[in-house]
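So the structure is just underneath, and the comments pick up after that.
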2 protein chains.
Amino acid sequence: MNDANILIVDDEPQIRKMLSITLQSSGYRVIEAETGKEALTLVANHPPDLILLDLGLPDQNGQEVLRHLREWYSNPIIILSVQSSETEIVTALDSGANDYLVKPFRTGELLARIRSAIRKTSERENAHASEFGDLTIDFASRTVKRNNQILKLTSTEYSLLILFAKNEGKVLTHQYLLKQVWGPTYINESQYLRVFVAQLRKKIEMNVNRPTHIVTESGVGYRFLSN
Amino acid sequence: MNDANILIVDDEPQIRKMLSITLQSSGYRVIEAETGKEALTLVANHPPDLILLDLGLPDQNGQEVLRHLREWYSNPIIILSVQSSETEIVTALDSGANDYLVKPFRTGELLARIRSAIRKTSERENAHASEFGDLTIDFASRTVKRNNQILKLTSTEYSLLILFAKNEGKVLTHQYLLKQVWGPTYINESQYLRVFVAQLRKKIEMNVNRPTHIVTESGVGYRFLSN
DNA sequence: CTACGTTTATAAAGAAAATATTAAATCATT
DNA sequence: AATGATTTAATATTTTCTTTATAAACGTAG
């Protein structure tokens with residue numbers, strides 16, 4: 001019925017088993033990995049539709065695995081974490097996790113989050129064009145229209161806008177944006193971001209002095225809104 | 001009706017009796033302990049849903065008992081203390097007590113505190129997009145809404161609010177808040193806290209002069225309520 | 001009740017940090 | 001070499017943080 005592939009990354013066999021059974025009985029196909037390393041190779045060969053990643057892995061830090069994955073894996077990643085580690089959750093969200101669950105969690109909660117994460121990506125993929133207020137982005141043809149006028153964007157501007165659009169409403173940190181658009185060695189080049197955000201705003205905002213699409217979150221990053 | 005187990009830890013038999021009767025007539029099941037030691041073994045075998053702990057125990061300092069309990073016991077602990085000892089209360093709250101009552105207290109007050117503490121734990125599931133009355137906090141997208149309007153918070157305001165929200169109903173001392181949000185060297189900068197609490201209240205309270213979300217506990221700290 | 005000291009609240013000014021803007025220099029591609 | 005894009009740099013603007021001053025609230029003692 002569901003037909004989506006889910007990878008579980010957790011070192012505790014009981015937890016894997018528990019999750020596995022829950023998910024399978026909901027119609028998902030399940031793959032399991034015990035270590036971060038195993039997870040990375042599995043994903044490379046068989047990219048799943050969603051990953052459930054326990055942050056408390058033994059071999060390497062779960063955060064590391066997450067960062068590695070995010071260099072090229074773009075489907076949803078939901079992290080599992082123990083109560084105590086709030087900063088860990090924040091870090092993980094910053095490095096591109098889509099959602100998180102605090103252990104222990106109810107299975108209803110788990111399934112709901114999985115459903116919503118998968119729904120979002122499938123919407124995105126099926127939607128050949130997305131609307132954000134006066135902006136229309138056509139992913140297939142890589143064109144952006146504002147009030148039906150085609151905008152001329154450079155490729156960097158376009159990737160930045162796409163990244164924003166894919167994360168509508170969510171605050172994206174400087175580091176995340178820089179890493180995604182320019183690559184991991186550019187994490188500290190905040191000035192790039194400022195320049196390109198300014199350029200984008202000139203093209204997509206009605207009033208550049210009062211941006212409504214790309215909103216600044218001072219000290220943190222930016223947030224894209226459709227209005 | 002209530003069906004929750006409450007442990008009373010107090011060395012004075014009359015007080016135990018009084019409390020016991022009050023609680024039982026409200027439908028709680030009650031266990032009693034006279035000494036800290038007794039309390040610890042009782043809790044180990046039969047973890048109650050809530051503990052009422054008198055700080056003035058004879059055999060060991062009530063504070064010690066509290067710290068020991070908090071190493072593994074996570075349900076609410078409400079401490080009872082005499083008027084004079086404000087520092088004692090602060091110490092206890094910092095070592096993990098959820099709330100405090102100053103003797104002598106009205107039984108209505110006692111029952112109200114107990115009710116709210118217990119409700120909190122039963123509700124505390126995987127709050128993710130947490131609801132607090134008219135406030136909604138979505139940790140994944142770093143978004144706070146009031147009546148569905150996105151609030152613009154600075155990063156310090158946000159961290160403070162998050163900290164409050166994660167400890168709904170619990171009294172947080174000035175020192176604790178300062179340490180968590182600004183760092184351990186800021187423990188004495190109470191004025192910061194006042195300024196930022198005022199700013200937060202301006203943004204989240206319906207009537208700033210009668211705050212219902214962030215409530216002042218004079219001489220001790222603040223408490224976040226959802227309403 | 002009143003006066004006093006203590007704590008808390010608020011506003012506002014100054015300092016610091018972060019962001020925006022602009023333009024020129026550099027680079028890459030044709 | 002010409003074009004367009006990116007990078008760098010300099011400067012302006014805005015936002016946030018910190019500090020100070022003052023007012024209000026609260027509890028206590030006389």
Side-chain angles (χ1 to χ4, degrees), chain A residues 142 144 151-161 164 171-178 180-183 185-224, chain B residues 82-87 89-90 102 104 142 144 151-161 164 171-175 177-178 181-183 185-224:
Chain A
R142 285 180 73 94
V144 181
L151 296 183
K152 198 151 169 35
L153 299 184
T154 72
S155 69
T156 310
E157 287 164 4
Y158 182 78
S159 350
L160 187 57
L161 181 58
F164 274 130
V171 175
L172 302 177
T173 64
H174 301 133
Q175 293 99 325
Y176 179 73
L177 290 164
L178 284 161
Q180 295 303 310
V181 175
W182 283 271
T185 58
Y186 286 71
I187 287 189
N188 299 311
E189 305 287 341
S190 320
Q191 182 58 13
Y192 281 26
L193 200 49
R194 297 205 188 95
V195 171
F196 276 83
V197 164
Q199 284 171 359
L200 256 184
R201 278 174 172 162
K202 257 190 232 170
K203 297 182 181 179
I204 68 174
E205 297 285 359
M206 188 130 85
N207 176 356
V208 181
N209 297 71
R210 303 201 156 274
T212 57
H213 279 306
I214 303 181
V215 180
T216 307
E217 295 286 332
S218 199
V220 186
Y222 296 92
R223 182 205 300 273
F224 182 79
Chain B
V82 289
Q83 180 82 55
S84 54
S85 45
E86 210 164 68
T87 46
I89 293 172
V90 171
V102 174
R142 202 182 185 283
V144 181
L151 293 186
K152 198 131 178 48
L153 300 182
T154 72
S155 58
T156 310
E157 288 164 4
Y158 182 78
S159 336
L160 186 57
L161 180 59
F164 274 129
V171 179
L172 302 178
T173 67
H174 300 136
Q175 295 156 31
L177 290 164
L178 285 161
V181 175
W182 283 271
T185 58
Y186 286 70
I187 289 188
N188 299 311
E189 305 285 343
S190 320
Q191 182 58 12
Y192 277 28
L193 198 50
R194 298 206 188 95
V195 170
F196 278 82
V197 164
Q199 281 172 359
L200 256 184
R201 279 174 172 162
K202 252 192 243 173
K203 297 182 180 179
I204 68 175
E205 297 286 0
M206 191 128 86
N207 177 356
V208 180
N209 298 63
R210 304 202 157 274
T212 57
H213 280 305
I214 303 180
V215 180
T216 306
E217 294 285 326
S218 197
V220 180
Y222 297 91
R223 180 205 302 270
F224 183 80

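The chains referred to below are lettered A, B, ... by the order of the sequence lines, with proteins before strands, and numbering in each begins at 1.
A straight line from CD of A:Gln175 to P of C:dA18 spans 12 Å, rounded to a whole angstrom. Straight-line distance from the CG atom of A:Asn188 to the P atom of D:dT7: 15 Å, rounded to whole Å. The separation between B:Asn209 atom CG and D:dA24 atom C1' is 10 Å, rounded to whole Å. Following rounding to the nearest Å, A:Glu205 (CD) and C:dT19 (P) show an atom-to-atom distance of 17 Å. Computed from coordinates, the B:Leu200 CG to C:dT10 C1' distance equals 15 Å when rounded to whole Å. Rounding to whole angstrom units, CG of residue B:Leu193 and C1' of C:dT7 are separated by 13 Å. Remark: P of C:dT8 and CD1 of B:Ile214 are 15 Å apart, rounded to the nearest angstrom. Rounded to an integer number of Å, the gap from B:Asn207 CG to C:dT10 P is 10 Å.
Only one option out of B:Tyr158, B:Trp182, B:Tyr186 pairs with B:Phe196 in a ring pair (Phe, Tyr, Trp, His ring centres under 6.0 Å); it is B:Trp182.
The side chain of B:Arg194 places no N or O atom within less than 4.0 Å of a non-bridging phosphate oxygen (OP1 or OP2) of C:dA9. Regarding contacts with the backbone of C:dA18, every side-chain N or O of A:His174 stays at 4.0 angstrom or more from both OP1 and OP2. Residue A:Lys202 places none of its side-chain N or O atoms closer than 4.0 Å to OP1 or OP2 of C:dT21. Under 4.0 angstrom from either OP1 or OP2 of C:dA9 there lies at least one side-chain N or O belonging to B:Arg201.
When only modelled atom types and interatomic distance are considered, A:Arg201 and A:Thr216 share a side-chain donor-acceptor pair under 3.5 Å.
Annotation: side chain of A:Val215 is not in contact with side chain of A:Val171 (no heavy-atom distance under 4.5 Å). Counting heavy atoms from C-beta on, the side chains of A:Leu160 and A:Val197 come closer than 4.5 Å. Side-chain contact check for A:Glu157 versus A:Ile204: every heavy-atom pair is 4.5 Å or farther apart. The side-chain heavy atoms of A:Val181 and A:Leu193, taken from C-beta on, include no pair separated by under 4.5 Å.
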Enumerate the protein-to-nucleotides 15-19 of chain D contacts in which both atoms are nitrogen or oxygen and the separation is below 3.5 Å.
unit_1, atom_1, unit_2, atom_2, d
D:dC17, OP1, B:Thr156, OG1, 2.4
D:dC17, OP2, B:Thr154, OG1, 3.0
D:dT18, O5', B:Tyr192, OH, 3.2
D:dT19, OP2, B:Tyr192, OH, 2.8

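Taking B:Tyr222 as the reference, B:His174 meet the ring-ring contact (aromatic ring centres under 6.0 Å, His included) condition, with sequence neighbours excluded.
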